[in-house]
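Report on the structure given below.
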Amino acid sequence: MDENLYWKLEGLQFGKWDLGPTGDSIYEKSMQVELSDRVQNNGSIYIHSFVVKAGKSPNPSDGKKFSKKYTVYKKQRLNKFKKKMYKQTTNLLTGETEQSVEDQMKAKTIQSEIVSHWHPNLTINLVYDYTPWVPGQIPPPLDEFVEFTPSLQQYKPILWLNDYWNLQREYMPINSTTPLVNLTLTFQPISMFKWQMYSAQTMKNRFNMLAGMMGEEEDDGDQDSVKEAFLETNLYLLILTFVISIVHSIFEFLAFKNDIQFWNNRKTTEGLSVRSVFFNVFQNVIIVLYVLDQETNTMVRISCCIGLCIELWKITKITDVSFDFDNPVLGIVPRIKIEEKKEYENSGTKEYDRMAFKYLGILCFPLAFGYCIYSVIYNEHKSWYSFLLSSCYGFLLTFGFIMMTPQLFINYKMKSVAHLPWRMMTYKALNTFIDDIFAFVIKMPTMYRLGCFRDDIVFFIFLYQRYIYKEDPTRINEYGFSADMVNNKSDVPPLQNGEGGQDGEGASPALQQQEGEAE
């Protein structure tokens with residue numbers, strides 16, 4: 001049997017951590033594996049591993065030396081089947097593509113294909129542990145890996161074939177050009193705690209397989225990013241990253257809650273950029289169309305559609321929306337009428353908003369035009385429709401921060417920031433600072449990293465405006481009274497019809513917002 005073994009390791013002692021050539025009980029063996037024609041054509045190849053007590057054999061033909069009681073056996077498929085996507089993308093100007101001729105031919109008939117892949121590394125772990133496990137009392141998922149002897153008085157050592165640290169990008173496809181592949185086997189004992197971490201990942205992978213059957217697949221790049229964060233990041237920074245990721249989720253929820261609450265309670269559009277809200281609707285429409293065109297998973301699509309619905313709902317809060325049943329579209333569908341609120345025009349906000357978008361257009365359109373030229377020259381697209389969507393999406397992702405500048409301009413003209421949803425903005429700003437930390441810990445595109453810092457700059461400008469535009473209690477608002485008059489109600493002039501209500505409801509909307517933020 002020995003001549004059929006790829007590797008035979010003798011002299012191991014269970015529980016000894018200082019053996020081997022390097023004194024850490026780690027052994028390594030490199031070899032070349034010959035692949036059969038069947039394996040080269042999407043077949044499977046397995047590794048069979050045995051751990052036996054000294055003097056015993058795992059081979060039943062060895063007679064008395066064979067002992068099933070003292071034999072631990074594990075097998076695992078060495079190749080991995082991965083889905084390869086095919087897309088008919090070309091440079092729209094030249095018609096050229098970086099894809100191979102074979103991939104181009106397959107893209108015309110199929111969208112994806114299951115291809116066998118090979119990774120040259122595999123680690124064989126033996127768990128060094130003396131925990132007195134009792135049959136029927138082992139918590140899942142550990143109970144699947146602890147094997148008891150027939151008498152149920154003892155359990156066998158836990159053998160684990162570990163490929164967790166094999167990065168997805170390191171896998172290479174198996175085909176007729178790969179009759180020989182390299183394989184490096186590493187034997188390494190591990191503690192019970194580390195093995196529990198790996199077994200937990202096994203359960204996670206099972207859920208991923210279930211999601212894959214439902215069409216929801218985890219991106220390989222995301223998996224590699226997480227693993228690289230573990231491998232390359234300082235331990236203390238990694239722990240800090242886990243903590244702030246939880247805080248990030250909390251702040252994201254609070255920002256969403258306060259954003260909905262702010263717009264739900266908003267009674268006036270004074271000081272707010274209405275055009276920015278409409279542009280946010282346009283931006284979310286582009287995002288929804290883009291994710292549909294890119295065939296992303298269902299959860300991302302649902303999330304983007306919810307974001308679009310929220311932005312559409314905001315339109316009903318900043319304008320007067322009604323249905324005109326007397327002049328239906330095509331004689332069937334009621335026509336939607338959108339009219340500006342009176343205070344938006346009377347307060348001067350409309351003029352400031354128009355001026356801001358005028359200056360913004362002078363800056364924005366050349367950038368958008370230049371980005372489209374870059375995209376059509378250097379990138380590949382499925383069609384002109386896909387080109388327009390990806391160009392708009394890329395432009396919004398790269399220069400989306402300039403859409404916050406109209407609000408800065410309105411604040412400057414009105415010399416006030418009392419009309420802004422500061423709670424929501426604070427939570428989002430804190431999340432932006434957290435994203436700055438993630439930008440250093442996890443690998444991501446350079447433009448996205450720059451995007452995190454540019455949002456910081458915009459928020460610091462908002463903070464500076466909040467600092468310089470102090471609350472002026474003597475300033476008379478458009479209703480004819482000031483904050484001092486509200487505090488001293490005897491000085492408040494009588495309200496005209498339609499100018500207010502009870503309990504000070506006729507106060508300035510901006511003042512009301514400031515009072516609400518201070519509570």
Side-chain angles (χ1 to χ4, degrees), residues 2-10 12 19-22 24-51 72-85 100 102-103 112-127 145 158-190 194-195 197-199 201-202 204-206 208-209 212 217-233 443:
D2 290 353
E3 62 275 9
N4 296 326
L5 296 177
Y6 275 93
W7 190 20
K8 184 177 180 180
L9 193 59
E10 297 180 312
L12 299 176
L19 302 177
T22 57
D24 53 5
S25 295
I26 298 178
Y27 300 84
E28 192 173 281
K29 174 75 171 180
S30 297
M31 65 195 77
Q32 281 195 321
V33 179
E34 183 177 355
L35 302 181
S36 64
D37 293 339
R38 183 175 180 180
V39 175
Q40 296 177 40
N41 291 278
N42 270 16
S44 298
I45 180 172
Y46 289 82
I47 182 174
H48 301 266
S49 304
F50 302 88
V51 175
V72 182
Y73 166 66
K74 286 288 183 181
K75 74 172 182 178
Q76 181 168 304
R77 191 176 67 236
L78 287 176
N79 60 317
K80 180 178 180 180
F81 293 102
K82 300 175 62 179
K83 179 181 289 188
K84 183 177 181 180
M85 304 297 298
S100 64
E102 181 182 359
D103 289 351
S112 62
E113 181 183 20
I114 303 298
V115 179
S116 179
H117 286 71
W118 179 268
H119 196 284
N121 297 318
L122 181 67
T123 300
I124 303 173
N125 292 136
L126 190 65
V127 182
F145 308 103
I158 301 172
L159 185 63
W160 180 264
L161 302 182
N162 189 358
D163 61 355
Y164 178 77
W165 297 112
N166 293 350
L167 301 181
Q168 300 296 322
R169 67 168 184 267
E170 297 173 349
Y171 281 87
M172 61 177 227
I174 298 176
N175 49 44
S176 58
T177 63
T178 56
L180 283 176
V181 293
N182 297 322
L183 178 62
T184 299
L185 296 176
T186 302
F187 175 85
Q188 179 180 5
I190 60 172
K194 286 186 177 181
W195 173 68
M197 297 297 102
Y198 289 129
S199 61
Q201 288 297 318
T202 299
K204 174 177 176 292
N205 292 336
R206 290 183 181 178
N208 288 344
M209 291 177 60
E217 296 189 2
E218 186 175 4
D219 183 43
D220 291 343
D222 293 340
Q223 297 182 42
D224 283 356
S225 296
V226 174
K227 294 177 182 179
E228 288 176 348
F230 279 103
L231 291 172
E232 302 174 2
T233 307
K443 288 186 177 181

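It should be emphasised that the depicted structure is a prediction, and the values quoted were computed from it without experimental measurement. Hydrogens, waters and symmetry mates play no part in the numbers below; they use all other heavy atoms, side chains included.
To the nearest 0.5 Å, the span separating CG on Asn121 from CD on Glu170 amounts to 7.0 Å. Summarising the geometry, atom CG belonging to Leu159 is positioned 10.5 Å from atom CZ belonging to Phe50; distances are rounded to the nearest 0.5 Å. Rounding to the nearest 0.5 angstrom, the gap separating the CG atom in Asn42 from the OG atom in Ser116 is 5.5 Å. Here the CG-NE2 distance, from Asn79 to His117, works out to 10.5 Å after rounding to the nearest 0.5 Å. Atom-to-atom distance recorded for Asn166:CG and His119:NE2 is 4.0 Å, nearest 0.5 angstrom. Once rounded to the nearest 0.5 Å, the distance linking OG of Ser49 with CG of Leu185 reads 7.5 Å.
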- Item | Pair Asn125-Trp195, side-chain contact (heavy atoms from CB on, under 4.5 Å): steps then yes or no | CA-CA 9 Å; Asn125 292 136; Trp195 173 68; over 6 Å; no
For residues 26-35, tabulate all N or O donor-acceptor pairs below 3.5 Å that involve a side-chain atom, not counting sequence neighbours.
unit_1	atom_1	unit_2	atom_2	d
Tyr27	OH	Gly20	N	3.1
Ser30	OG	Thr184	OG1	3.3
Gln32	NE2	Asn182	OD1	3.3

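Within the 4.5 Å cutoff, side-chain heavy atoms of Asp163 are placed close to those of Gln76. Contact of the Phe145 side chain with the Val127 side chain is not registered, since no non-hydrogen atoms from C-beta on lie closer than 4.5 Å. Put simply, the side chain of Thr178 does not reach to within 4.5 Å of the side chain of Trp118, judged on heavy atoms. The side-chain heavy atoms of Thr186 and Leu122, taken from C-beta on, include no pair separated by under 4.5 Å.
Looking at Lys82, its side chain never comes within 3.5 Å of a backbone N or O of Tyr171 through a donor-acceptor pair.
Residues Phe187 and Trp7 place their aromatic rings such that the two centres sit no closer than 6.0 Å.
Contact detail for Asn41 and Asp37: the closest heavy-atom pair is ND2-O, 2.6 Å.
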